[in-house]
Undergrad: 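My structure is below; once you've seen it, I'll send some questions.
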Amino acid sequence: MNEHLSALDFDEIAAGFTMESVREHAIKCADCRTHLARISANREAVMADPRFAMTFARLPTAPRNRRWTRWIAAAVASGACVALVLLLPNRTEMRPKGGRPGLTLISAEGRPMTMPRVGDIVELRANQEPHPFALIVAVGTSPSSTTVLWPLETSHSGRIAAGSYASIRLQVTPGPVKIVAAFSDQPLGLSDALPPRSRPGVEFCELAVKPTP
Amino acid sequence: MEANLRAPRCQDMLKTLRDSEIRTLYEACAPSSFRRARELLGSDADAWDVVQKVFCRLAESDLLHQAQARPMAYVYRATTNACLNELEARRVRGRSMHGSNDTIRAHGEAVHARDLLEKLDERIDDLDRRILVLSFHDGLPQEEIADVLGVWRRTVGRRLSRLRGLVEELESIPLKRTL
């Protein structure tokens, strides 16, 4: 390893997470050793701050029993890609013609695809034209569930720059799933992507995914 | 009867395991989450709020499995998202994205990233913002940005090229490139 370590590497070393080769570099490289010492000192100062313990004490101690949601989310995410095949069997691309918003499934090789298989890692792209705001969710039916796929870690829409598209990387897992993308000229909330999907000014694109084994 | 007794015991064990995992993750990753949040937001109080949000979400939901593959990458992503949400909320409230002047002087690179976020606001989308923070603020290489955000490396490369072009248009702002 010739290059210096990244910020992520330093944080992982300080947290005790990293690989031996990375740790060795941090020990041998003077610059990295200095930086690591600074990170470690900062880390100790943060942990000594009373707010460190107070923040932890405020965390919920009994997680909601929703372990099934991980399977639904995974099934939704992967299945969303495959449903394309069922809805548009003769098309390799989900994007409607004429500058309308749409969803496209891209293989690892960078080609539009319609038949993802379980285990495939695929990219789901959403083009926004002509609407700048989009919210993409995966919808499971049994049991009913909704998982926001894009933007990450939020429950409201994100803005896609003109001429660009939203991109999500998904791993295909067994089971059917439906992906719904809502597009609008105004910011959207999660409720806007839920049924009934007939809100004025909001355009929807759906993709049913049924992965093949 | 035996089954009825077994089920709750098993669940208790799972809860204990999850609580223990969350504690371990918190102790390992919360200092990094706080440091990045403070740099990006320029405020201790807001940074602790971000740490609270990141780990609350981890504790309340079933995201633990996501964090287990590469915990620090998950925490980087969640912290970045929470900080960008806070910056957006500040913008909506009519406040500047910047914190106090003292904090600005203390975290030059973060100010640089916030400057870019503010100046490029209308021209970039959410993914661009996350890439911008991880590249221009954290200086992560493209592979690690892709790892943190869960997108393809070539997507990161394409977005970064465009971002660099936009940044170069802002002539007065010095450019810090990702490796």
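The basis for the numbers below is simple: all heavy atoms, side chains too, and nothing from hydrogens, waters or symmetry mates. To find a chain, count down the sequence lines: A is the first, B the second, and so on, and within it residues start at 1.
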Undergrad: Regarding R35(B) and E39(B), does a basic nitrogen lie under 4.0 Å from an acidic carboxylate oxygen?
TA: yes
Undergrad: Return the option, out of R162(B), R129(B), R159(B), with the maximum number of heavy-atom pairs under 4.5 Å with chain A.
TA: R159(B)
Undergrad: Please look at V75(B) and chain A and tell me whether the side chain, the backbone, both or neither of the residue comes under 4.5 angstrom of a heavy atom of that chain.
TA: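 Neither part; nothing is under 4.5 Å.
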Undergrad: Quick one: what part of T155(B) sits under 4.5 Å from any heavy atom of chain A, side chain, backbone, both or neither?
TA: side chain
Undergrad: Is the ring pair Y26(B)/F56(A) parallel, tilted or perpendicular, if the boundaries are 30 and 60 degrees?
TA: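 Geometry flag for F56(A) against Y26(B): tilted rings.
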Undergrad: With a 3.5 Å cut-off and no angle check, do the side chains of T55(A) and Q52(B) form a donor-acceptor pair?
TA: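 Not at all, the side chains of T55(A) and Q52(B) share no donor-acceptor pair under 3.5 Å.
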Undergrad: Is there a side-chain contact between R114(B) and L41(B) in this structure, where contact means two heavy atoms from C-beta onward sitting under 4.5 Å apart?
TA: no
Undergrad: Can you establish whether the number of heavy atoms outside Q186(A) located under 6.0 Å from its atom CD is more than 12?
TA: no
Undergrad: With a 4.5 angstrom heavy-atom cut-off, which part of S157(A) approaches chain B: side chain, backbone, both or neither?
TA: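 When you check distances to chain B, only backbone atoms of S157(A) fall under 4.5 Å.
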Undergrad: For D31(A) and T34(A), test the side chains for any donor-to-acceptor distance below 3.5 angstrom and give the result as yes or no.
TA: no
Undergrad: With a 4.5 angstrom heavy-atom cut-off, is it the side chain or the backbone of Y76(B) that approaches chain A, or both, or neither?
TA: side chain
Undergrad: Identify which part of N42(A) has an atom lying under 4.5 Å from any heavy atom of chain B, answering side chain, backbone, both or neither.
TA: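 The side chain, not the backbone.
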Undergrad: With only heavy atoms counted, which part of A82(B) is less than 4.5 Å from chain A, the side chain, the backbone, both or neither?
TA: neither
